Q: 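This is the structure, below, for whatever I ask next.
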There are 2 protein chains.
Amino acid sequence: MEDLSPEAMEQATPLSPPMRPECFSQDCPSRGVLDQIADKWSLMILAVLSGGPTRFNEIKRRLEGISQKSLSQTLRKLERNGLVRREVLNSAPVAVQYSLSPLGHTLLPHFRALYCWTHEYLDQIDAARQAFDARQG
Amino acid sequence: MEDLSPEAMEQATPLSPPMRPECFSQDCPSRGVLDQIADKWSLMILAVLSGGPTRFNEIKRRLEGISQKSLSQTLRKLERNGLVRREVLNSAPVAVQYSLSPLGHTLLPHFRALYCWTHEYLDQIDAARQAFDARQG
DNA sequence: CCGTATCCTAAAGGATACTG
DNA sequence: CAGTATCCTTTAGGATACGG
């Protein structure tokens with residue numbers, strides 16, 4: 001299998017090499033991963049957990065607008081994929097703590113980069129939207 | 001093997017402060033951006049376009065599994081947000097070419113990083129899934 | 001407090017047919 | 001070729017109620 005590490009990709013073509021075509025195949029396992037993690041709530045949950053272990057309702061409070069069901073589902077999905085660790089703390093009342101797994105931590109810099117990008121280019125995006133909407137009507 | 005403990009990761013990545021709480025507010029404009037671009041097809045379309053200007057049906061062929069409707073919708077969304085440029089080339093027959101805008105290019109390194117991450121940790125993710133499924137039944 | 005279960009509605013998205 | 005329009009099925013996801 002080809003070396004896909006960031007270093008290798010940089011070495012191959014420093015500027016902006018196209019990603020490999022196999023990545024778009026339905027059979028490529030990376031598709032199954034992206035289907036799981038490339039959504040808004042996953043990203044935001046990991047962002048919250050980047051601040052340290054957090055309990056269920058605390059996450060819910062921080063993530064304005066998420067329903068209990070969606071949070072529960074997304075957390076289990078993240079846990080299943082090994083990105084999040086779930087720990088039951090004691091018993092009266094039940095307390096459950098979620099935290100990033102080591103694997104989850106490896107994803108963090110990339111998500112953080114996306115957040116930073118969003119804030120950095122917000123004005124450009126907004127201008128583009130207004131221009132587009134003006135063209136269309 | 002690299003040290004993957006949370007502590008080590010925090011030390012290893014210079015950009016590791018928690019993301020700002022405002023990022024999770026419903027009013028934060030970054031939410032509106034993430035809602036738009038943080039999905040699987042957007043990511044994959046940008047990946048295809050990273051290889052250079054591409055025509056509609058060529059993109060469709062490369063993105064196994066996408067419907068014409070979804071492709072059309074996603075392309076327009078990306079165009080509206082200023083990430084993708086649309087150009088009508090000639091008239092008989094009609095040819096339309098999509099390419100990354102300068103703004104779209106700024107997003108590319110981050111998406112590429114996500115792709116690389118996916119491939120790099122695929123085995124760990126797979127193992128986590130199997131372990132989880134075994135625990136649950 | 002931390003969920004699961006149920007119901008129900010809104011939205012995503014595929015298939016197909018048709019147009020410039 | 002590059003779409004739009006329509007239909008229709010599937011899914012996501014909110015609201016609510018209940019259980020451990």
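On a predicted model such as this, the values are computed, not experimentally measured, just so you know. By convention in this document, chain letters (A, B, ...) are assigned in the order of the sequence lines, proteins followed by strands, and residues within each chain are numbered from 1.
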Q: Report the distance from atom CG of B/Leu89 to atom P of D/dA2, rounded to the nearest whole Å.
A: 9 Å
Q: Could you check whether any side-chain heavy atom of B/Tyr98 comes within less than 4.5 Å of a side-chain heavy atom of B/Val48, counting everything from C-beta outward?
A: no
Q: For the pair made of CZ in B/Arg61 and P in D/dG3, what is the distance, rounded to whole Å?
A: 13 Å
Q: Less than 4.0 Å between a side-chain N and a carboxylate O, is that true for A/Glu79 and A/Arg76?
A: no
Q: What nucleotide, of C/dG3, D/dT4, D/dG3, holds the atom closest to the side chain of B/Tyr98?
A: D/dG3
Q: Look at the side-chain N and O atoms of A/Ser70 and state whether any lies under 4.0 Å from the OP1 or OP2 oxygen of D/dG14.
A: yes
Q: Rounded to whole angstroms, how far apart are CH2 on A/Trp41 and C1' on D/dG13?
A: 11 Å
Q: Determine the contact category for A/Gln68: base if any of its heavy atoms lies under 4.0 Å from a base atom, sugar-phosphate if only primed atoms, P, OP1 or OP2 are that close, otherwise nothing.
A: base
Q: Compare side-chain N and O positions of A/Arg76 against OP1 and OP2 of C/dG3 and report whether any pair is under 4.0 Å apart.
A: no
Q: Once side chain to side chain contact (heavy atoms under 4.5 Å, CB included) is applied, do any residues pair with B/Ser70, and if so which ones, sequence neighbours excluded?
A: B/Ile66, B/Ser67
Q: Quick one: the dot-bracket string of DNA chain D, using Watson-Crick and G-U wobble pairs with both distances under 3.5 Å, [ ] for crossing pairs and | for bases paired to another strand.
A: ||||||||||||||||||.|
Q: Would you kindly give the CG-to-P distance between A/Leu71 and C/dT4, to the nearest whole Å?
A: 10 Å
Q: How do A/Ile66 and A/Val94 order along DNA chain D: which one's closest nucleotide is nearer the 5' end?
A: A/Ile66
Q: Once you round to the nearest 0.5 Å, how far does CG of B/Leu78 lie from CG of B/Leu43?
A: 10.0 Å
Q: Please give me the minimum heavy-atom distance between B/Leu49 and B/Val84, naming the atom from each residue.
A: CD1-CG2, 3.6 Å
Q: Would you say A/Ser72 reaches C/dC2's phosphate, i.e. side-chain N/O to OP1/OP2 under 4.0 Å?
A: no
Q: When you measure from the side-chain N and O atoms of A/Arg86 to the phosphate of C/dC2, is any distance below 4.0 Å, counting only OP1 and OP2?
A: no
Q: Return the 5'-most residue of the pair A/Lys69, A/Gln73 with respect to DNA chain C, ranking by each residue's nearest nucleotide.
A: A/Gln73
Q: What I'd like to find out is whether the side chain of B/Thr74 reaches to under 4.5 Å of the side chain of B/Met44, using heavy atoms alone.
A: no
Q: From CD of B/Glu87 over to P of D/dA2, roughly how many Å is that when rounded to an integer?
A: 14 Å
Q: What pair of heavy atoms forms the shortest contact from A/Ala128 to B/Gly82, and how long is it?
A: CB-CA, 3.5 Å
Q: Measuring from the side chain of A/Arg55 (C-beta onward, heavy atoms only), which nucleotide among D/dC1, C/dT4, C/dC2 has the closest atom?
A: C/dC2
Q: Taking the side chain of A/Phe56 as its heavy atoms from C-beta onward, which of C/dG3, D/dG3, C/dC1 lies nearest to it?
A: C/dG3
Q: Between D/dC1 atom P and B/Ile59 atom CD1, what is the distance in whole Å?
A: 13 Å
